Amino acid sequence: MAKVIPRPDLGVWERLYIGEIVKGLMTTFGHAGKALTNPAHFPTLQYPEQQPDIPRDYRSRHRLMKRADGSPRCVACYMCSTACPARCINIVAEESPDKHIEKRPVRFEIDLLLCVFCGYCVEACPCDAIRMDTKQAILVGGDRASFVADKAKLMDWEPKDYPADDIQSQKAPGGTLNAKALEELRSGSDH
Amino acid sequence: MADLITINVDGKDVQVPPKIQLIEALRTYAKVDTPAFCYHPDLSVAGNCRVCLVEVAGPRGFAFGIACHMQTAPGLTVKTQISSDRVKWARRGVMESLLVNHPLDCPICDKAGECTLQENYMNSGRHESRLPDDAGKQYKGGADHRFTDAKGNDRGGKKIDLGPTILLDQERCIVCSRCVRFMSEVAKEPQLAIAGRGDHAYITTFPGKPLTHGYDLNVTDVCPVGALTGKHFRFQQRVWNLKSVESIDPSDAFGANITIEYNNGRVWRLMPRRNPAVNKSWIANSTRLLYQQLAVNRLTDARVAGVDADLDAGVQAAKAAIAAAKKVALVASGHGTVEDNAALLALKDALGDKSEVFSGSWLAVGKADGIALSGDPVANRAGLAVLGLADNLDQLAQRAGEFDALVVFNHDLWGADAAKAAKLEAIPARVVLAAWNDATVAKATVAVGIRAWAEVRGTMVNSQGRIQLMHACPVLPNPALEPAWQVLAGFAGAVWASEAQAFAAAQARAARLAGLSYRAIGPMGAVLPQPALAAAGA
Ligand code: SF4
Ligand code: SF4
Ligand code: SF4
Ligand code: FES
């Protein structure tokens, strides 16, 4: 059903136009004045030297979560690639050396140029192996191939500023729970 | 067929044959989708899973009965899930018990997407669990294979190597006994057994004996869950991503019905296609693994005098060789379709007296195994007879000196009998159309690549005299490859628009094919009339 958006009813003053321009310019000069007196509150971002602050829950570039031993948590089930509306996830599976894990990805590629950043892959994953919380929303590359994120690229993100007690960081690489699990694994109490 | 009888399903009268399994009557005649795990139309009835239950009227009112075991009889009155909430309730209970100890493996299970447990659960299942969160599962498995997982749960056997072709996951098994019945009733070698009792029962082989049989991969099809999986397809693809076309076994004259499953430019597996009159639900392992050859050692271009050339150059060289020859020997092929051989006969007509057609094969014929192989490796041998071609290949070897050109397609003469084929080397120009780089291509003066069996549409006649249709899977090693009939028709100077035109050309030569069309043949094939009857009718 079409949604009808009514035109705003402009008064005489608004239709005169000149007053609205002056109002707009006042905002601009206001910011300029503030910047001159207090440069710390400069509202313009010096992009690209300065990067925007992207919230963690913003759907940004994907990452593959790791197990305590650093191997990908992904079991190559193809649920993400099945859910993906852009068909941009390409997985090749193989036998895992750990026979109780059984399956793992030998290749896992996301074509970020095709990706529509909908997050369906994250929703679909049965083992929380893929997340879109890397805060990398600005992707730069010289050719198409450089936008295909492979398994190594998807696993290289280090969540340095993840609070260790954040529920999201459980067993995230670098998180305290992860370190604990790794320790347990090494001491053999986990298996 | 015997006279139909009337049974009453959900208050409606339905005409069904007498003494067939009620589940078949419900599915086929009453069009009521009835779930089953242990019932398989080509195996004996075991009646152990109870999911097919319906309500049947008896002396004391309606009572539950299993539809797979009960047979149709006049006056039978049945209530299914459509009219009975009790049936739905009972089935939900059966499903709940089945799933209670089933691992939640679907994401890594190769059966997911074609799993009967998934399907039936979605249809009649209880979608919220009644178990407390901390209740552990009682996983099945033999003592040798039990282990404790990372969460401290006692687990059954996973990934047990049963033999050269098959892996078993004892946890996923729902103990329907289909695999056991297949091995003892169809393969006639009981190699699988159920050990243990109750919810500890699990599938196993006999101590120290592997599962190894020429048909053992069929147990992966009959298994309603992902307990038995074939090593050849393990983790290759998720099944819902596969597309499929219908075809027939090109390696044997029985013509077992199969589907070719493919995607992303590759064929991933061949599956049996049920045809009660031919192979039932079974195919031999050798048939199932044929797909592995489709991308290996293919002749994707042409070769002229031992030098690689493109397809056009090859076709031109072949045409020139045929035109220059004074006497041409054309060899029909039982590995090609009826259409291909009709094109060869069209080439014979175009060449007139200067050509002669030979037919037959030098491959040895074995014994039928009574399941899905006739033992005759020449798949379309009966099709050659239908086209009126006599088995006279030995004559060609004796009279090789008379000819100065040879045209062979889809027929590895040197591979079949190198000693006899050596006599053909007396023929100076040898034009070979082949899909693979075989021994005959090595002896060719001009070799032109053609499409292989999986890539063509056409018909073959099996050893029972049944004409069957194969469809083309659109996965080609070189998109420019043409089917043999197209190349041969080109040699004859004809342009045939499609397989249907090639089939019409075959019909013009063979009275037994009269009145047929691809539509009339259909997915199940059509039995050809006996030669005498066809002659009388013509
Ligand atoms: S975010 Fe959406 S489009 Fe991008 S990979 Fe995930 S499912 Fe596909
Ligand atoms: S859904 Fe998760 S586990 Fe499955 S393939 Fe995608 S990332 Fe891997
Ligand atoms: S392995 Fe499969 S076919 Fe055999 S009993 Fe178990 S579920 Fe049935
Ligand atoms: S299908 Fe009837 S009891 Fe299993």
Side-chain angles (χ1 to χ4, degrees), chain A residues 65-69 71-85 87-109 111 121-130 170-171 177-178 180-191, chain B residues 102-115 118 137 139 141 144-162 165-172 225-243 263-266 268-269:
Chain A
M65 305 281 289
K66 297 183 208 174
R67 292 175 197 269
D69 62 0
S71 63
R73 195 187 273 181
C74 167
V75 294
C77 69
Y78 291 61
M79 294 302 142
C80 51
S81 69
T82 303
C84 177
R87 306 253 174 123
C88 64
I89 307 182
N90 200 350
I91 303 169
V92 178
E94 68 173 359
E95 196 82 44
S96 167
D98 182 339
K99 71 171 186 175
H100 299 144
I101 291 173
E102 297 194 48
K103 200 177 177 187
R104 70 173 184 187
V106 52
R107 269 178 44 203
F108 192 108
E109 292 165 357
D111 188 336
C121 48
V122 180
E123 295 285 315
C125 183
C127 44
D128 190 15
I130 188 167
Q170 52 98 14
K171 300 209 179 185
L177 283 169
N178 180 273
K180 212 168 101 203
L182 200 56
E183 214 167 275
E184 276 170 13
L185 190 80
R186 290 216 183 92
S187 68
S189 66
D190 207 349
H191 271 259
Chain B
H102 194 82
L104 298 176
D105 262 354
C106 305
I108 53 164
C109 176
D110 277 330
K111 199 76 169 197
E114 56 181 10
C115 170
Q118 280 185 334
K137 295 200 174 215
Y139 289 117
D144 300 348
H145 301 289
R146 299 203 75 89
F147 68 101
T148 308
D149 72 6
K151 293 182 185 137
N153 295 324
D154 179 29
R155 301 286 297 263
K158 313 263 317 163
K159 200 189 164 192
I160 299 167
D161 196 346
L162 286 189
T165 53
I166 290 182
L167 291 171
L168 166 67
D169 187 322
Q170 289 173 331
E171 280 183 2
R172 290 184 194 154
V225 293
L228 292 161
T229 50
K231 290 179 185 171
H232 66 291
F233 186 64
R234 186 165 165 92
F235 300 161
Q236 296 296 300
Q237 280 290 307
R238 300 317 311 255
V239 297
W240 57 82
N241 291 330
L242 294 173
K243 301 191 236 351
N263 78 6
N264 288 339
R266 205 172 133 181
W268 294 99
R269 64 174 183 178

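We name chains A, B, ... by the order of the sequence lines, and we start the count at 1 in each one. Computed from a prediction, not measured in an experiment: that's the story for all the values here.
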| query | Relative to chain A, which segment of B/Asn264 carries a heavy atom at a distance below 4.5 Å: side chain, backbone, both, or neither? | reply | neither
| In terms of heavy-atom proximity below 4.5 Å to chain B, should A/Ile91 be classed as side chain, backbone, both, or neither? | neither
| field | Which atoms of A/Glu94 approach chain B - backbone, side chain, both or neither, heavy atom under 4.5 Å | value |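 For A/Glu94, backbone heavy atoms alone lie under 4.5 Å from chain B.
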| query | For B/Lys158, what residues pass the side-chain hydrogen bond (donor to acceptor under 3.5 Å, both in side chains) criterion, not counting sequence neighbours? | reply |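 Applying side-chain hydrogen bond (donor to acceptor under 3.5 Å, both in side chains) to B/Lys158 gives B/Asp105, B/Asp169, B/Glu171.
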| task | Output all residues satisfying side-chain hydrogen bond (donor to acceptor under 3.5 Å, both in side chains) with A/Arg87, sequence neighbours left out; order by chain, then residue number. | result | none
| field | Minimum-distance pair of heavy atoms, taken over all atoms of A/Cys127 and A/Arg73 | value | O-CD, 3.2 Å
| request: Specify the closest pair of heavy atoms between B/Leu167 and B/Arg234, including all atoms of both residues, with the distance to one decimal. | output: CD1-CD, 3.2 Å
